[in-house]
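Below is a structure I'd like to ask you about.
The first residue in the sequence is number 1, and the count goes up from there. The basis for the numbers below is simple: all heavy atoms, side chains too, and nothing from hydrogens, waters or symmetry mates. Both ligands and their constituent atoms are indexed starting at 1 by order of listing.
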Amino acid sequence: MSFTKTTCPYCGVGCGVIAQSPTAENPTFSVQGDKEHPSNYGRLCSKGSALADTLSTDDRLTTPLINGQAVNWDTATSTIAHKFTQIIEQHGNNAVAFYVSGQLLTEDYYVANKLMKGFIGSGNIDTNSRLCMSSAVASHKRAYGSDTVAGCYEDFEKTDLIILVGSNLAWCHPVLFQRISAAKNAREGSDKPLKIIVIDPRRTATCDIADIHLAIQAGADTWLFNGLLHFLRTNDHLDYNFLENYTQGFSETFNKAKQTAGSIPLVAEKCGLTEEEVIEFYRLFARTEKVVTAYSQGVNQSSYGTDKANSIINCHLATGKIGKVGACPFSITGQPNAMGGREVGGLANQLAAHMDFIPEHLSLVQTFWQSPQIAQQPGLKAVDLFNAAAEGKIKALWIMATNPVVSLPNADIVKKALETCELVIVSECVQQTDTSQYAHILLPAATWGEKDGTVTNSERRISRQRAFLPLHGEARPDWWIISQVAQKMGFRAHFDYQSPADIFREYAALSGYRNYGVRDFDISAVATLTDEDYENLKSFQWPARLGENLNNLRQPNGTERLFSQKRFFTASGKANLIPIVPEGAKLKADVEYPLVLNTGRIRDQWHTMTRTSKAARLMSHLSEPFLEIHPEDAAKHSIRTGQLLKVSSALSVANAQHLLQSQSHLILRAKVTDTQRRGNVFAPIHWNEQFSKNARVGTLIAPFTDNYSGQPEFKHTPVYIEPYHAQWYGFILTQQELKLPDEIEYWSKIRQNEGVWLYELASLKSLGNWTTWVQTHFGESPDWLEFKDVARGRYRGAKMKGERLEFCIFINPTPQLPNRSGLVSLFNKDLSLSERLSLLAGEVGKECSARGDIVCACFGVGKNTIIETIQKQGLTTPKQIGAAIKAGTNCGSCLPELKQLIEQALGKTAA
Ligand code: SF4
């Protein structure tokens, strides 16, 4: 039996995991939390707990492809090198671009950035982290002169007040949520309880641990925090010593706060809160010494995200709540290596090792790399980069480990950009994504479990990600692929890396090169690690400067928190307070588009689902693309829970008129819930064309970006909704994945246990003769079983292979259809005559129907079972539920929902 310590590939919490190889008793890999890793101390969320279920290779890309033809690596990399060189000669070095990802390891990222900025000589490398936290980067640089996250996770446990702004931590950073929740429970009833305030337009699962939930008007954060700054000043809560000696810019900042948010009634009105709520929040912040204000996409993904973040930082600087145990503003990153990308210069407007496009840094980096040229200007940021490609200005685009056709705003323009581009290269680990279908050259990249390198989490912790599986097929690590192309472009000596350790040492040395303590990012302590040291490297938090931080075991001690010496990385050494003028969203709801769409993640899915969709248990929590809507808005639009609805925006309607193959609307399942504010709706970002026909939310979102960071506005899109009254509804259960015909206007695909796929269907289009239609699209068979009720518009068909069920389809004029979970149990076994008859009668699995939607993904426990158990046994805590039916006893990700269900079952809240 062997164990490999590595890190989870999903969110920015960066949990340590241990992968255990198969044994005689347990023939598959298993993955557990690493009790020694300081990010999680053994905890995992539902996604991390299901990692072992995602290791299948059936969808992997196994060989390089040029125009669909398999080629060897030499041909693939030579072709890319040749075409890049040719395009650069003809059109200049800004005619090529890389679009990379927070999924890359730091070593991959470093090599990509070095090639583009230092050798091709263009700034045109940007990352999907632009979409998630570039506003946090811009705000840090404005305030501190450096992109520094001041605190660490321990601060969340040692503080007295946590303010979570625009962050559904319970679902998006679950293990950090669990740590906070445990800290709060431990201090319950003490004289120093841990207070938590959640500021979010939605009542999310995170509110489960909140003392106060401020359901703020979407986008009004700068009024709230400018108002707080003014309150702190007028009520004498400023730290004047800190302000005068360690900051600058306060007079103008305070004046601006007073001018724009100088009265509580005004703030309350702008924020959609009561005056009492605002005052309670302000007083709590003012009288609490140790405060952590943590924020993520709700702040960053805005056309004013940088200002929002600076308005928060201003309040911490004005009160000296920074650089101390339990006191700091804290930006939480979305991706496993968003921070690593920032460190190596993965953003188009940064150089490697947190350096900038200024003469001193350009010269430093170029000298260190001994490169023939270096980009003199920042490159194009993500949205501009794809616009330039759509306009034909970018001729060659290499996309690595990301899926921009799904994730970018104005997503149909991204398709056009890829169609327009002369050369599209996609490095991917799976065969088929919405983006890979546009690739001229497809490169099989190594995936989690095969990759080796480092990642940095939200608290600046650098951890090793280690391989425990062989490379699948011809897959190769991204650093190797990029280095091969670089070598063939004539830069052999500079890209002759033999291992990720080689790259890590070079990158660490660059961070310390002529640093002298003036740059925040410095890991020169690890620049001389041997290969063995690198293999054994334990996680540490940067900076780890040469001479300061390497202990006797050749492990760096690292730095828990920064700014405790009150020195910042500006020219004066003082932090900047930034005057903020609050602005509303660029697009406002109006008569035509009356509801504001917010977007985000759900508990059990990750990004575009390529990995999480492999785990059936992760698909069972929220299994279809949906739109959450407040009951009053739902009533106004005649919408009920479970019904399908159409969602359109001004952009999607305009694009449908101008772009071929562009849809004017999405079709989503309605979830009516009072967790939404009136006037706001919410849709998840994950679904794409591999999993649903019309659910790419990016097609609705206009490409407005923040002026400083270039981060797009994903949280505020005015939309129009209307019921989608299909002529028929249905579903298919099948052992084979299907390509569904165009006449099906709505479908979404869900992996079930037992190797079966479920397709939910609906359409306004008639199918004609059912038997003919079904057998035309899903294969003729002498073993078809059928039930037809033409008068009532009902059809049920089942395709058998001998005694075994291969495929079944149910069609009905209304959404009332037989239970799917029960039918799944009929696959993979010989069916008796009576089972076949019950199959067609739709009478199988009533007990599964009774179970309800899955809440606890780890043990497959459904909502109805939980409610029934609570009521029958008079349970009042999640612990009691766990003891009774195990729900919530593994990863704990469902604990907030269990608490809600207790309230619901006991009649305290609406269902
Ligand atoms: Fe992975 Fe969950 Fe930890 Fe995030 S919180 S790193 S998804 S286990």
Side-chain angles (χ1 to χ4, degrees), residues 5-19 29-55 102-103 105 129 132-133 152-153 156-157 164 167-182 204-206 209 294 296-297 330-340 447-449 451 454-466 539 600-615 617-619 621-622 684-686 856-858 888 890-896:
K5 287 196 167 206
T6 181
T7 46
C8 173
Y10 298 124
C11 82
V13 179
C15 296
V17 301
I18 299 177
F29 270 95
S30 63
V31 175
Q32 285 108 34
D34 179 356
K35 290 193 168 58
E36 292 177 355
H37 197 285
S39 299
N40 56 318
Y41 297 107
R43 295 177 174 95
L44 290 180
C45 72
S46 51
K47 293 186 284 291
S49 299
L51 271 168
D53 299 1
T54 67
L55 298 175
Q103 305 291 312
L105 303 187
S129 298
C132 121
M133 46 84 239
C152 59
Y153 293 162
F156 288 81
E157 293 160 332
L164 296 170
S167 173
N168 182 9
L169 218 58
W171 281 16
C172 303
H173 301 91
V175 165
L176 186 53
F177 175 81
Q178 288 176 28
R179 286 181 64 165
I180 294 171
S181 188
T204 62
T206 305
I209 56 166
S296 55
Q297 273 77 332
F330 195 104
S331 140
I332 308 170
T333 51
Q335 296 196 77
N337 200 27
M339 289 282 276
T447 188
W448 183 77
K451 301 213 271 194
T454 54
V455 290
T456 310
N457 74 359
S458 297
E459 60 164 357
R460 292 173 282 103
R461 180 173 297 284
I462 296 177
S463 296
R464 286 280 279 109
Q465 198 173 98
R466 295 182 176 89
S539 76
R601 292 177 175 157
I602 60 171
R603 192 189 78 185
D604 289 356
Q605 291 302 332
W606 179 254
H607 279 197
T608 56
M609 303 164 76
T610 40
R611 177 173 288 280
T612 40
S613 69
K614 292 181 174 191
R617 60 172 149 147
L618 295 181
M619 294 300 285
H621 178 234
L622 292 167
I685 58 170
H686 309 288
C856 171
C858 295
N890 185 36
C891 75
S893 294
C894 62
L895 290 174

Nearest heavy atoms of L105 and Q465, plus distance in Å: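 Distance-wise, the nearest heavy atoms are CD2-OE1, 3.5 Å.
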
Any side-chain donor-acceptor pair under 3.5 Å between H37 and S463?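 Side-chain D/A pair, H37 to S463: present.
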
Looking only at atom types and distance, does a side-chain atom of S458 sit under 3.5 Å from a main-chain N or O of G12, one as donor and one as acceptor?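 Yes; at least one donor-acceptor contact below 3.5 Å.
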
Under the side-chain hydrogen bond (donor to acceptor under 3.5 Å, both in side chains) test, residues paired with T54 that sit two or more places apart: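 Partners of T54 by the side-chain hydrogen bond (donor to acceptor under 3.5 Å, both in side chains) criterion, ordered by chain and then number, come out as R611.
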
For G14, the ligand 1 atoms whose distance to one of its heavy atoms is below 4.0 Å: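 In order of number, 6 (S).
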
For atom 2 (Fe) of ligand 1, every protein N/O/S atom that sits closer than 2.8 Å, waters excluded: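 Those protein N, O or S atoms (cut-off: under 2.8 Å from atom 2 (Fe) of ligand 1) are C45 SG.
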
Could you tell me which residues satisfy side-chain hydrogen bond (donor to acceptor under 3.5 Å, both in side chains) with S129, sequence neighbours excluded, listed by chain and number?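 If we apply the side-chain hydrogen bond (donor to acceptor under 3.5 Å, both in side chains) test to S129, skipping adjacent residues, the hits are T127.
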
With sequence neighbours left out, what residues match F330 under ring-ring contact (aromatic ring centres under 6.0 Å, His included)?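 ring-ring contact (aromatic ring centres under 6.0 Å, His included) list for F330, sorted by chain: F156.
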
